[in-house]
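Single-structure report; data block below.
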Amino acid sequence: MAEKPVLTLYNTLTRSKEPFAPIDPDNVRMYVCGPTVYDFAHIGNARPVIVFDVLFRLLRHVYGEDHVTYARNITDVDDKINARALRDFGKEIEDGRLSLNEAIRRVTEKTANQFHADIAALGAMQPTHEPRATEFVQPRGDGKVDMITLIERLIERGHAYQAGGEVLFDTQSMADYGQLSKRNLDEQQAGARVAVDAHKRNPGDFVLWKLSSPEEPGWESPWGRGRPGWHIECSAMSAAYLGETFDIHGGGLDLIFPHHENEIAQSRCAHGTPVMSNVWMHNGFLQVEGRKMSKSEGNFFTISELLHEEKFGGRKWPGEVLRLAMLMTHYREPIDFSVKRLEEAERLLAKWPAGGNPAEGRVDESVRAPLLDDLNTVAAVQALHALAQCANADPLMLPVFAASAELLGVLPKKAEVSKALEDSIETLIQLRLEMLKAKNFAEADKIRDDLAEKGIQLKDGKDPGTGERVTTWEVRR
RNA sequence: GGCCUCGUGGCGGAGUGGUUACGCAGAGGACUGCAAAUCCUUGCACCCGAGUUCGAUUCUCGGCGAGGCCUCCA
């Protein structure tokens with residue numbers, strides 16, 4: 001077995017770059033927090049999807065395709081979802097034509113389908129597992145970890161208590177709570193913006209389970225009919241698919257606190273383990289045209305809007321362009337999403353050769369090395385651009401380019417052209433060549449312009465042997 | 001108020017205690033009947049101030065600016 005290349009990753013837990021050493025190289029395990037499916041995913045949501053998709057591809061490249069397990073959840077239980085269901089189906093529910101649960105199912109299904117369509121357009125691979133929170137609330141037939149069992153265990157071990165119709169995690173019961181976000185709960189009180197609820201033992205305690213009113217969705221539990229708190233689902237699903245301790249946990253910067261901090265607390269206290277995930281990775285935030293993205297600023301864009309509507313810069317943007325634009329900034333840096341940036345990504349992509357077969361080439365070291373260094377996609381894209389220029393000059397390099405591009409998920413696809421169109425283009429090219437021989441430039445240029453109108457770009461070259469004009473064409477992407 | 005990031009040419013962005021990548025755009029040129037593509041050449045920067053140092057864009061401190069979390073927002 002060849003020596004594995006060394007992968008270095010920045011670990012939020014230690015705030016430093018560390019060499020990555022999987023617990024089991026035959027099964028490298030990664031968990032990423034997925035979407036809460038109550039509304040269309042916005043372009044900011046796309047960032048972790050793309051970043052961790054590249055990491056998934058890289059891990060598969062290093063450890064082998066069958067030796068990486070990637071779980072990304074879908075959160076389909078959340079009070080925002082309930083609110084959305086009432087908003088969209090309130091009338092039907094009132095009339096008794098639809099149950100709340102059915103309305104919720106419709107909201108989550110529609111949103112999840114949309115999410116899948118959106119990220120597929122961004123070139124994201126399907127994770128190995130994509131569990132839904134609702135399937136992990138109650139004990140399961142297959143023995144996989146579920147939320148209620150986890151909560152029971154936390155109570156048994158003295159890390160959780162019932163109060164005021166809730167089950168709460170007792171942050172004081174965990175000696176080293178706050179490791180990830182480097183937060184000291186006592187000092188936290190100074191700012192005193194944490195709401196002090198009378199039933200909480202400590203202001204930082206958070207909800208594991210809360211009771212539902214008859215109108216609210218709920219599941220039967222030892223504490224009555226209710227629904228889970230925000231953080232417990234990831235503790236359950238990560239353990240269900242990756243085990244009590246695994247390699248990498250990822251998500252957006254904003255999740256460090258409280259979400260990930262609380263996940264760690266729940267998981268470690270429930271399992272009695274010193275570590276939940278060895279490495280914690282967080283992607284930076286996204287701004288749009290230099291401003292924080294928000295609906296009130298009018299610079300809020302969903303992935304779908306960028307792909308299919310002419311809202312951003314007055315035009316649609318292909319998924320590959322959005323993806324490449326995202327990878328042109330290091331994942332930990334803030335990224336400013338702008339029209340200019342998308343245009344640059346599109347120009348690059350247009351210069352890259354399509355049609356190479358990744359299976360026939362090897363990933364070039366110039367692309368792989370920067371990726372191994374904490375996912376430096378910026379340097380990798382630059383190296384890939386250089387490879388593209390090599391491949392344009394020398395077709396033998398095409399598979400190398402293709403394999404390298406595929407590692408980043410930015411391999412240009414060969415545009416589909418029907419045989420009939422192809423034939424008619426060839427005929428027009430011949431016609432134009434004849435006109436050029438006759439020095440009938442006006443007619444010849446008209447043919448070129450007409451084809452350009454249809455997105456067909458003609459390129460004139462010279463046959464190196466005869467010096468004859470040779471015309472090739474390609475579909476402008 | 002507390003805790004974190006970050007600040008490099010028009011733009012995107014590496015990187016380094018000393019000789020300052022690279023890409024895109026721009027300018028000039030080659031090629032072309034003209035284009036496109038391609039190739040060659042080229043201008044332009046390290047937020048401010050103090051300190052450490054023979055020397056700082058790179059280290060330290062202080063400003064200023066941008067952003068995030070502390071409010072179930074990736």
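Everything numeric here is computed off the predicted structure, so don't read it as measured data.
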If you look only at distance, which donor and acceptor atoms sit under 3.5 Å apart when one is on a side chain in residues 433-452 of chain A and the other is two or more places apart or in another chain?
{"from": "A:Asn440", "atom 1": "OD1", "to": "A:Glu443", "atom 2": "N", "distance (Å)": "3.4"}
{"from": "A:Lys446", "atom 1": "NZ", "to": "A:Asp450", "atom 2": "OD2", "distance (Å)": "2.9"}

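Listed nucleotides B:G23, B:G33, B:C72 differ in distance to A:Lys210; the shortest reach to its side chain belongs to B:C72. Distances were taken from every side-chain heavy atom of A:Lys459 (C-beta onward) to each of B:C69, B:A25, B:A36; the shortest belongs to B:A36. Candidate nucleotides B:C24, B:C72, B:A36 were compared by shortest atom distance to the side chain of A:Asp78, and B:C72 ranks first. Listed nucleotides B:C72, B:C70, B:G33 differ in distance to A:Asp79; the shortest reach to its side chain belongs to B:C72. Of the candidates B:A37, B:G68, B:C34, the closest approach to any side-chain atom of A:Lys292 belongs to B:G68. Residue A:Gln287 has its side chain nearest to B:A66 when only B:C69, B:A66, B:G33 are considered. Distances from the side chain of A:Trp230 to the nucleotides B:A74, B:G33, B:C72 place B:C72 closest.
In this structure, NE2 of A:His385 is placed 16 Å from C1' of B:A14, rounded to the nearest angstrom. Atom P of nucleotide B:C72 and atom CG of A:Leu168 are separated by 14 Å, given to the nearest angstrom. Nucleotide B:G33 holds its P atom 13 Å from the CG atom of A:Leu433, rounded to whole Å.
Comparing B:G62 with B:G2, their P atoms sit 13 Å apart, to the nearest whole Å.
With A:Tyr10 as the aromatic partner, A:Arg332 meets the cation-pi criteria of under 6.0 angstrom to the ring centre and within 45 degrees of the ring axis.
Among the protein residues, A:Asp449 comes within range of no part of the nucleic acid, since none of its heavy atoms lies under 4.0 Å from any strand. Looking at heavy-atom distances under 4.0 Å, A:Leu348 makes contact with sugar-phosphate atoms alone, never a base. Among the heavy atoms of the strands lying under 4.0 Å from A:Gly44 is at least one base atom, whether or not backbone atoms are also near. Here A:Arg47 lies out of heavy-atom contact (under 4.0 Å) with every strand. When heavy atoms are screened at a 4.0 angstrom cut-off, A:Ile256 is found touching no nucleic acid atom at all.
Comparing A:Tyr10 and A:Leu255 by the nucleotide of RNA chain B whose heavy atom lies nearest to each, the residue mapping closer to the 5' end is A:Tyr10.
The nearest pair of heavy atoms linking A:Phe257 to A:Ser181 is CD1-OG, 3.4 Å.
One can find a donor-acceptor pair under 3.5 Å joining the base of B:A35 and the side-chain atoms of A:Asp460. One can find a donor-acceptor pair under 3.5 Å joining the base of B:A35 and the side-chain atoms of A:Arg448.
With values rounded to the nearest 0.5 angstrom, A:Glu263 atom CD is found 7.5 Å from A:Glu233 atom CD.
Put simply, A:His282 has no side-chain N or O that comes within less than 4.0 Å of OP1 or OP2 on B:G68. Between A:Lys351 and B:C24, a side-chain N or O to OP1/OP2 separation shorter than 4.0 Å is present. Residue A:Arg332 has no polar side-chain atom (N or O) positioned under 4.0 Å from OP1 or OP2 of B:U5.
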Look for any protein N or O under 3.5 Å of an N or O in nucleotides 11-13 of chain B and output each such pair with its distance, or none.
{"from": "B:C11", "atom 1": "O4'", "to": "A:Lys340", "atom 2": "NZ", "distance (Å)": "3.4"}
{"from": "B:G12", "atom 1": "O3'", "to": "A:Arg341", "atom 2": "NH1", "distance (Å)": "3.1"}
{"from": "B:G12", "atom 1": "N2", "to": "A:Gln382", "atom 2": "NE2", "distance (Å)": "2.6"}
{"from": "B:G13", "atom 1": "OP1", "to": "A:Thr329", "atom 2": "OG1", "distance (Å)": "2.3"}

> Run the side chain to side chain contact (heavy atoms under 4.5 Å, CB included) check on A:Asn262 and A:Tyr177 step by step: do they pass?
Replying inline: CA-CA 8 Å; A:Asn262 292 347; A:Tyr177 179 85; 2.4 Å; yes
